[in-house]
Amino acid sequence: MKRRTFLREAGLVAGTAALAPDVLWGAVAVRAPDVVLRDGLVFDGTGAPPVEADVAVTGDRITGVGPRLPGAALELDLRGLALAPGFIDIHSHTDTVLLVEPGAPSKIRQGVTTEVAGADGSSMGPWSEQEVASRRERFRDRYGVDLDFRDVGGFLRFIDGLGVAVNLASMVGAGQVRAHVMGADDRPPTPEELERMVAEVRRAVADGACGLSSGLEYTPGGFADLDELVALASALTGTGLPYASHMRNEDDHLLAAVEEAINVGRFAGVPVQISHLKAQGERNWWKAEPVLRVIEEARADGVDARFDVYPYIAYSTGLSNLFPIWARDGGEDAFRGRLRDPALRPRLEGAVRDKVRSLGSWDSVQVSSTDSDALAWARGRRLGELASERGEDPYDLLVRILTEGGGGMIGFGMSEENVARFLAHPLSIVCSDGSALATEGPLATGTPHPRNFGAFPRVLGHYVREKQVLPLERAIEKMTAAPAQRVGLADRGRIAPGMAADLVAFDPDRIADRATYQEPHRYAVGIHHVMVNGRLVLRDAEDTGERPGRALHGSMIDHR
Ligand SMILES: [Zn+2]
């Protein structure tokens, strides 16, 4: 560019930007916009009331927001539709599924444009060379995909080169770091081990991880005590990135578990993101108010605590989680050995029956998947129903499924009132706690939780439009600007010039989830267009085949 031209353009940009930056940005850009989205009801993600406006996109950026923007090669008519920043799923289990189905259909069709993976203490590495080798073989056999990474940084680079539909950020999992350094046993780390674990967390964050996650109801992550968690979380101090926790307990010891999560933030000096807040079991439903008060008081006390929530009264986890954590110490084989040990049966059975009683009955537990096809008859069925049908004791049936391969469960344990209360609370952020699945192919098996297909549309349809639990602009903020701020995605989550062009256009009168507990493999309806990094991945509710998703790094440094 000639020097004079450069000066003229630089002066023009500076001059007009000072007059009306939002409206004129598109008009003064060196390039004409590639796409103009016309006459949508624009929710900018901040929680502000919507305005009718055009939005211009040039390359991978939003370059204009305002009335009657100049034309572009591609124009989309959004009359009657809402336009929001693409949704950011702050607690997602989309990790390896992207290697299987890069189109991420069940998430794209919810309007999700960024997945925050590495949840519940479980991330893609760090792995040893042996672990990498065994996973590599498994993936090559099962999906024909060749893995060549061993940690979160490598995973992000791998995803970046893969060509996927969604953006992906990832936390580093405290449980995975522990497993890597210490193995599966229930013991405290030696000082050297702790040092190595802290170094792994620090390295992951330097490589782009957007926080540290823990899963304290799982093994071996749950063998960590408060001191260990504070030490690991301290690797985040000064970055602004959060410690996100699936807490040690979500039912009878919920309040103590919330205190522990907050104390990690307090002692390490980092934000705390409580994962999928819930009060499980009718006898614990009263705890919703006290638990919110504990979080509010922590904030008043200087701890930056928030929580996420998914819009369902049932949770989903492994069937083995019906058993106390001591029973799962030492890995799968040790667990199965204990299940077969007659001397341990009274203690184990007592604990499981109490857990099931707290949920309601054996029919509060639905088998979502079984690892062995020989147990396919159990998929999608309630344990109580199944046991009486087969003339078997439900506890024996559960043990049989677990010893013959294991599987997943859906537990009906929460109250509708509490789900609504959490969603409406100013500190909540919406999540799915699910993965990108599909209605066809290898990701269409079993009877997974409907949240994998419906979480975000369910909030906008059921809780906003039908139950009027919170205003639409508030719900959108909890899916966009709030999670972006939380995990350091400074240029996502808002509609404004200069922000990344991740956008979703939906019909606020028709958006709805269609997935049910019996038939979860159904895409949501009412999502018209989804744009990721300036390219349409869904147009008129059809997959365009574009795969513009990138790996995103969590960073509190604002580069704009
Ligand atoms: Zn979890």
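Whatever order the structure lists them in is the order used to number ligands and atoms, beginning at 1. Please read all numbers here as calculations on a predicted model, not as lab measurements.
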Of all pairs that satisfy salt bridge (charged side-chain N to carboxylate O under 4.0 Å, His left out), the ones with a partner from residues 94-103, not counting sequence neighbours: none
Arg451 NZ/CZ over Tyr312 ring centroid, <6.0 Å and within 45° of normal: no
Aromatic ring proximity Tyr315/His449, centre distance under 6.0 Å: no
Side chain to side chain donor-acceptor pair (under 3.5 Å) against His462, all qualifying residues, sequence neighbours excluded: Glu466
Listed partners of Arg474 passing salt bridge (Lys or Arg N to Asp or Glu O under 4.0 Å), at least two apart: Glu477
Glu417 atom CD, over 12 foreign heavy atoms within 6.0 Å: no
Within-2.8 Å protein N/O/S contacts of the Zn ion (ligand 1): Asp120 OD1, Asp120 OD2, His246 ND1, His276 NE2
